[in-house]
Amino acid sequence: MQAWVIGNWKQNPATISDVNTLIEALLAAVGDDKADNDKDSAFDRSNGCQLMVAPSCIHLAAVSERLKDMPILTAAQDISAHSDSIGAYTGDCSAQQVADAGASWTVLGHSERRQYHQECNDLLVQKLSNALTQDLGVIFCVGETQAQYDEQQTLEVLDAQLEAIKTLLDDQAHLATSIAKHLIVAYEPVWAIGTGKVPTVEEVSATHQHIKHTLAGYAEPLSQTAVLYGGSVNADNADSFAASPVIDGALVGGASLKADSFLAIADAFGRAKKSG
Ligand code: 13P
């Protein structure tokens, strides 16, 4: 299966100048010329692994423009629930605007959105629907808190969060194949985000098996959905996650803000999935 390594930049970097420095460092390694991608260039470092970055919405258009025709896709970090196009929704950016800015994907349901913006399933169903209307792929994030992990409630928490996808499918069953093409699920335990604490690879693998099984139960085409792990992934632990056949990539926060560590993670997944 195609491996994915996606950088979620969150509310970083501080300036467009810092954004440009990061992008140029990435392009210097993966090849800033489309023709380079066919050669034995430094692109081998991420070969077999699809790279994507999710800048803040203020930087999305500039990053997408620079990455046009390059081997790195761009994603938004969120889209409006209220309208897929235009409307009186102060502060929101719609799926149409995000697509027009050059992004082909959006992150949805990140735990920081769930925590700081009280995002619930009803809202996320709306956002999922708006993304699909505008042909945006969705990286749908799920994950349990530390307390839920300690109480061994992980799987039931994930089941409840994945219900948003089931609700969408119940409404639009005829779109299952299209939804499957536009969906990546990212398992991000809240307690592992930015903490340096990680679950064992065995724990993540068992959880991914559960997610894949659950999605396949919703609709057969979803059995092929890529499931990524996120939470304190770095250049040192990427190999161990990449070795698991059910971990299809990584959603990376802090380590995606430095080209070297981001590319080392991509390299780990690229190598593991090529040999696996
Ligand atoms: P860290 O890699 O910084 O733990 O963040 C993970 C994350 O939240 C990616 O969406």
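As the structure lists them, so they are numbered: ligands from 1, and atoms in each ligand from 1. Basis for what follows: all heavy atoms, side chains included, without hydrogens, waters or symmetry-related copies.
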Undergrad: Check each atom of ligand 1 against the heavy atoms of Glu188 and keep those under 4.0 Å away; list them by number with element.
TA: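 Those atoms are 6 (C), 7 (C), 8 (O), 9 (C), 10 (O).
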Undergrad: Could you tell me, atom by atom, which parts of ligand 1 come under 4.0 Å of a heavy atom of Ala192?
TA: 4 (O)
Undergrad: So does Ala81 get a backbone contact from the side chain of Asn130, meaning a donor-acceptor N/O pair under 3.5 Å?
TA: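 At least one qualifying donor-acceptor pair exists.
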Undergrad: Starting from atom 2 (O) of ligand 1, what is the nearest protein heavy atom, named by residue and atom, and what distance separates them?
TA: Gly253 N, 2.9 Å
Undergrad: Can you name the closest pair of heavy atoms from Gln50 and Leu73 and give their distance?
TA: NE2-CG, 3.4 Å
Undergrad: Go through ligand 1 atom by atom and flag the ones less than 4.0 Å from a non-hydrogen atom of Gly231.
TA: 4 (O), 6 (C)
Undergrad: State if Ser256 counts as touching ligand 1 under the rule of any non-hydrogen atom under 4.0 Å.
TA: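 Not so, Ser256 does not reach ligand 1.
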Undergrad: Heavy atom to atom 4 (O) of ligand 1, shortest distance: which of Gly254, Gly230, Gly194, Cys141 holds it?
TA: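 Nearest heavy atom to atom 4 (O) of ligand 1 lies in Gly194.
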Undergrad: With heavy-atom distances below 4.0 Å as the criterion, list the atoms of ligand 1 near Leu251.
TA: 9 (C), 10 (O)
Undergrad: Regarding ligand 1, does Thr195 bring an N or O atom to under 3.5 Å of one of the ligand's N or O atoms?
TA: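 There is no such contact.
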Undergrad: Taking 4.0 Å as the limit for heavy-atom contacts, which would you say applies to Asn8 with ligand 1: side chain only, backbone only, both, or neither?
TA: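 It is the side chain that touches ligand 1; the backbone stays farther off.
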Undergrad: Using a 4.0 Å cutoff against the non-hydrogen atoms of Ser232, which atoms of ligand 1 qualify?
TA: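 Here the atoms of ligand 1 in question are 1 (P), 2 (O), 4 (O).
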Undergrad: Determine, for Phe140 and Arg114, whether the Lys NZ or Arg CZ falls below 6.0 Å from the six-membered ring centre while staying within 45 degrees of the axis.
TA: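 Relative to the ring axis of Phe140, which defines the angle, Arg114 lies inside both limits.
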Undergrad: Distance alone, cut at 3.5 Å: any donor-acceptor contact between the side chains of Asp248 and His208?
TA: no
Undergrad: Which ring-ring contact (aromatic ring centres under 6.0 Å, His included) pairs, counting each pair once, include a residue from residues 220-262, with sequence neighbours left out?
TA: Tyr229-Phe241
